[in-house]
Amino acid sequence: MLGKSYEPQSKESLIYKKWEDNHCFKPKSDFSKSDDAENYTIIMPPPNITGQLHIGHALNNTTQDFLIRFKRMKGYNTLWIPGTDHASIATEVKIIDALKKEGLSKEKLGREEFLKRAWQWNDKYGGRIKLQLKSLGCSCDWDRCAFTMDEQRQKSVLSVFKQLYDEGYIYRGEKLINWCPTCKTALSDAEVEHVDENSSLWYIRYPYADKSGYLVVATTRPETMFGDVCVAVNPEDERYKDMIGKNVILPVINKEIPIIGDSYVEKDFGTGVVKITPAHDFNDFEVGKRHNFAPIKIMNLDGTMNENCGKYANFDRYECRKQLIEELKAQNLIEKIEPYRLPKATCYRCHSAIEPMMSKQWFMDMQDMAKLGLDAVDNQELEIVPQRVQKIYKNWLENIKDWCISRQLWWGHRIPAYYCKDCGNTMVELSAPKTCSKCGSQNIEQDPDVLDTWFSSALWPFSTLGYPEKTDDLKRFFPTSTLVTAQDIIFFWVARMVMMSKKIMGKTPFSKVLINGIVRDDEGKKMSKSSNNGVDPIEIIEKYGADSLRLSLLFGNGTGNDFRFSEEKILEDRKFINKVFNSGKFLELVLSQTYDTKLDKTKLNIFDKWIYTKLDEAINEINKLIDNLDVCQAVNKMYSFVWDDFCNYYLEFSKAYVYSDDQETRANACAILKDVYLNILKLLHPIIPFITEDIYSNFTGELLISQTYASSLGQFKKESEDVEKIISLIQKIRETRLSYDVLPSKRITLVLDKNNSKQEAIDIVENAKLVLSKMTNIEKVDVKENLGNDLVKFVSELGEFYFYKNELVDTAKEREKINKDLDKINAEIKILESRILNPNFVTRAPKELVEKEKSRYDYLLSSKNSLEEKLKNFN
RNA sequence: GGGAGAUUAGCGCAGUUGGUAGAGUACCUGCCUUACAAGCAGAGGGUCAUAGGUUCGAGUCCUAUAUCUCCCACCA
């Protein structure tokens, strides 16, 4: 029995458990190896274990679950692999924060203890994330749940690292890298965020060595002057070109450096003179390299100045700047200071200023890799939806630089590089070597650093399937089908997965990628921790149920577009779920009043044939839309099919039969209604799995999740068209009744002209009399030979119809209304005439369209005619 | 500095080969019609940001402009 109203809270977790207990989330091939159904595989973007899921995750995972459930019911061998990400730097930052509160630090704790803490953290938060996914209804295979740092994934990482090292793609070297002085680690380019900041442009005088005056250098980083190796001017710059080759004195430390010419310098910016600090600026590094200057490091890893800065050694970088400016001012070496807005590079985790530093790190050569990533898109091995994202993806790959993959952190995959302390030999091995491969020494230590967290994420499409082992899963499910993710990790993750998969597996990891938009709050602001406007899906689920949340996320939101989340929208959308529930209650009621239901699909009336045809069309259309990843339209279609076609029409039609006095008619009508309704539940299951499952099992005792769509009965074109005509007649009757202010409860007569009506119209109306009467409160239909003038005419697609004038209520406002309608029709007639009478249109436009317009024109003319006649009735 | 997206009914939004502007919600009218008032039946409301262009025909394609949002970026 269905309750008075649906209560999701009490049921959802039980339903989920039932699915799990019955192994519904597992691929069919787990039970029958010979199953040759086509595979449909999704790997879940692993959420960071740093926290809990927000609405953005809910959107992504609902979308994935929608796809998986739909494909599962379409008969595919579906696999959805869940998992979590260790999120190296993000987690480490969190744990350090937590330690701080206890008065502890990472160093005090030591590596081993620290890692213990990290694993505890994983247990706690990873667990909560899984719980959230389950409450959302995600039908992923938990037995295959992966963690980026579990044993299996460690093997994948080691294997890939070694292979790429052996092939020369991974190398170690001292280069200028992005250094976060707070996190005390190197970062990749992708991990640097640029924010505009108000600062100054300092104009500093560098005296000529020959004491003939000074050169003014404009800089945003005065404190880096200790690392200057030269100053540069544009060789084309008339002001300075004669100075090239002369020397200037670096103030404060009084060091002589040369003036060089390099076209990198813009004549028009600042003074046209640039100080070159190769060890602390990426551009300067290139300039320095071109002119063979050795970089001079001036900073320690914690952001303090080093011994190359004279008395400023050990000063914090900002304190140094402050005092240095004062000293220069005192020496009259500051020409001026201008306010200046500059993009500041910051750490994407702790948001402190990044310092470019010379440092020995591990890198991945990205030239060949990037090409693999570009090929995937260019050769259409990979389709990114929405298409515009493809440009962003390509642009990034086209400008990519080598990837710094080592991090000076503890929580992560330790780099499998071993150094011989005696001969300096480097060994990259899957397990720790006991002796040096070169000198045989046992004095060996492992690199203390770990890998960029995105290195392991990049392997996700095959590491989750068991790589490097040649597992059945890997054979069966790689490459996967669709990836659904958020746009902020296109570079971090999507691009790198594509490159790694192509490199390691030789194949693009998935054929389609759906990039969802950003989730905003009800004011349109991006949901983020800093704005504190994030919403926990669990809260919403507890309040409204998972189905409501899911529906609200999927319904009416353009695929790939940003999405505004509000509880108000949930309340609006939730009405649909109520509608589904109530139609179930209606079925239950009807069935309870019928002794016997026998489904005989050979005995379908035209309305049954119509709804089956509509259902078939809907499924086909939805299938197509889903293949194109047009989730929004697919859900729209489901919604309108169920509410408009099924609830508003079919259900009402069926009342004419399920309450029939004829037992056989009644039994079959009930059976068919039930069958159609169960199909509706199947159709909706991917959006609102819980309630549909609940109702389905109520009616059948079977599990809905494991059902497949019924094979089509075929399409009944003729009957469908007839019913469409009946529907438009119903609308016309209702409209006409209302226009004459006839109360809905008043039963009136529908009249047809026997001589002038098409036989088709008479037959259709005759056959649909019962339904017409139910839907429009028509008492009877008169087919008359001779029409008197006591009638009022109206027109539908089936032709002309009449009401008895004396059954209607006249009103004065009728004239007004008719005139208004006439105006509208005349306007459209004019538009159509401009077309139909235009020889260009008639000859160039498609024939069918011309035909369509012509018949529309005829219809309008007769409508006009009838309105004009009607108008006469009110004279 | 470069790039992308948005601009459609009061509101928040759909609109996939160019072919008479759509649903939801709000508002208005009438209905407590035995699934559902979280409902049913109707109605009103849009020069599809602006200006040009291509076309028989443009919300849809092209070119500018404006406003908003996002991404990328080494002008010291």
Side-chain angles (χ1 to χ4, degrees), chain A residues 2 5 194 201 217-221 224 232 264-266 268-277 281-287 340 342-343 345 356 386 388-389 391-392 395-396 399 487-488 490-491 517-518 520 522 524 526 555-564 566 568-569 571-590 624-625 628 630 632-633 636 639-640 643-644 647-648 651-652 655 659 730-731 734-735 737-739 741-745 774-777 817 828 831-832 834-835 838-846 849-850 852-853 856:
Chain A
L2 300 174
S5 63
H194 294 268
L201 192 56
V217 174
T219 180
T220 56
R221 303 280 324 260
T224 63
Y264 151 71
V265 182
E266 295 279 337
D268 301 330
F269 186 86
T271 58
V273 186
V274 186
K275 60 193 268 315
I276 301 297
T277 323
D281 183 283
F282 287 98
N283 288 315
D284 292 7
F285 182 79
E286 293 303 319
V287 177
Y340 188 69
L342 83 161
R388 60 187 146 82
V389 177
K391 279 186 235 166
I392 301 174
N395 184 267
W396 187 74
N399 295 295
Q487 58 188 36
D488 52 349
I490 295 169
F491 309 138
I518 298 171
R520 302 171 180 283
D522 48 8
K526 186 173 168 175
F555 180 61
N557 299 307
T559 308
N561 288 354
D562 286 2
F563 159 62
R564 207 175 271 214
S566 69
E568 211 177 316
K569 185 168 186 303
L571 289 172
E572 286 171 15
D573 296 344
R574 165 175 88 148
K575 294 178 180 178
F576 178 70
I577 297 175
N578 190 247
K579 190 78 180 169
V580 173
F581 182 76
N582 277 312
S583 45
K585 274 180 64 177
F586 172 69
L587 177 65
E588 191 177 51
L589 178 77
V590 165
K624 233 179 261 166
L625 289 165
N628 291 333
D630 198 341
C632 172
Q633 295 299 327
N636 257 332
Y639 186 100
S640 68
W643 199 314
D644 300 340
C647 289
N648 286 353
L651 215 61
E652 298 301 326
K655 285 178 185 172
Y659 290 133
I730 287 168
Q731 288 166 345
R734 285 170 169 169
E735 197 182 303
R737 285 183 64 124
L738 253 146
S739 79
D741 287 338
V742 181
L743 283 174
S745 55
K774 287 260 176 207
M775 305 287 281
T776 61
N777 215 5
K817 193 177 152 31
E828 201 182 333
I831 294 174
L832 282 177
S834 76
R835 260 184 225 168
N838 179 351
N840 277 328
F841 174 77
V842 177
T843 51
R844 295 195 201 182
L849 186 72
V850 176
K852 202 179 132 200
E853 300 284 56
R856 172 83 185 158

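Numbers restart at 1 for each chain; the letters A, B, ... are given by sequence-line order, proteins then strands.
- Looking at A/Pro356 and A/Asp281, their side chains never come closer than 4.5 Å, going by heavy atoms from C-beta outward.
- Atoms CG (A/Asp562) and P (B/rC70) sit 9 Å apart, rounded to a whole Å.
- Across every strand in view, B/rA26 sits unpaired, with no contact that passes the Watson-Crick or G-U test at under 3.5 angstrom.
- Under the Watson-Crick or G-U wobble criterion, with both distances below 3.5 Å, B/rA49 is paired with B/rU65.
- Residue contacts for A/Phe563: at a heavy-atom cut-off of 4.0 Å it reaches no nucleic acid atom on any strand shown.
- Between A/Lys569 and A/Glu572 no salt bridge is recorded (no basic side-chain N to carboxylate O distance below 4.0 Å).
- At a cut-off of 3.5 Å, with distance as the only test, a side-chain donor of A/Asn578 or A/Asn582 sits close to an acceptor on the other residue.
- Side-chain atoms of A/Arg520 never come within 3.5 Å of backbone atoms of A/Asp562 as a donor-acceptor pair (strictly under, hydrogens ignored).
- Separating the CG atom of A/Asn840 from the P atom of B/rG19 is a distance of 19 Å, rounded to the nearest angstrom.
- Here A/Leu587 lies out of heavy-atom contact (under 4.0 Å) with every strand.
- Within the 4.5 Å cutoff, no side-chain heavy atoms of A/Trp396 are placed close to those of A/Ile490.
- Across all strands shown, A/Asn648 has heavy atoms under 4.0 Å from sugar-phosphate atoms exclusively, and none from any base.
- Nucleic acid contact for A/Phe269: base, since at least one base atom lies under 4.0 Å from a heavy atom of the residue.
- When rounded to the nearest whole Å, the span between CZ of A/Arg734 and P of B/rA41 equals 6 Å.
- Nucleic acid contact class of A/Gly560 (heavy atoms, under 4.0 Å, all strands): none.
- Ranking B/rG42, B/rC75, B/rC72 by closeness to the A/Gln731 side chain, first place goes to B/rG42.
- Nearest-nucleotide mapping onto RNA chain B: of A/Ile518 and A/Leu589, the residue sitting toward the 5' end is A/Leu589.
- In this structure, A/Phe581 reaches neither bases nor backbone, as no heavy-atom distance under 4.0 Å exists between it and the strands shown.
- Not a single donor-acceptor contact under 3.5 angstrom links the side-chain atoms of A/Lys585 to the base of B/rC36.
- As judged by a 4.0 angstrom heavy-atom cut-off over every strand, A/Phe285 is placed among residues making no nucleic acid contact.
- Straight-line distance from the CZ atom of A/Phe576 to the P atom of B/rC36: 18 Å, rounded to whole Å.
- To the nearest angstrom, P of B/rC40 lies 9 Å from CD of A/Glu652.
- Nucleotide B/rG1 is matched to B/rC72 when pairs are restricted to Watson-Crick or G-U wobble geometry with both distances under 3.5 angstrom.
- The partner of B/rU16, taking Watson-Crick or G-U wobble pairs whose two distances both stay under 3.5 Å, does not exist in any strand shown.
- The two residues A/Val265 and A/Val274 have their closest heavy-atom pair at CG1-CG2, 3.7 Å.
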Per-nucleotide protein contact string for nucleotides 22-31 of chain B, where B marks a base within reach and S marks sugar-phosphate only (heavy atoms under 4.0 Å, - for neither)
--SS----S-
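- Each of A/Ile730 and A/Leu201 lies near RNA chain B, and the nucleotide nearest A/Ile730 is the one positioned closer to the 5' end.
- In this structure, A/Arg574 reaches the bases: a heavy-atom distance under 4.0 Å links it to at least one base atom across the strands shown.
- Considering only side-chain N and O atoms, A/His194 lies under 4.0 angstrom from the phosphate OP1 or OP2 of B/rC74.
- Taking the six-membered ring where tryptophan is involved, the planes of A/Phe555 and A/Tyr639 are essentially parallel, since the angle between them stays under 30° and well short of 60°.
- In this structure, A/Ile490 atom CD1 and B/rC71 atom P are separated by 11 Å, rounded to whole Å.
- Between the NZ atom of A/Lys569 and the C1' atom of B/rG12 there is a distance of 9 Å, given to the nearest Å.
- Across all strands, A/Asn561 comes closer than 4.0 Å only to sugar-phosphate atoms, never to a base (heavy-atom distances).
- Contact check for A/Lys579 versus A/Trp643: side-chain heavy atoms found under the 4.5 Å cut-off.
- When the P atom of B/rA37 is taken as reference, atom CG of A/Asn578 falls 8 Å away, rounded to whole Å.
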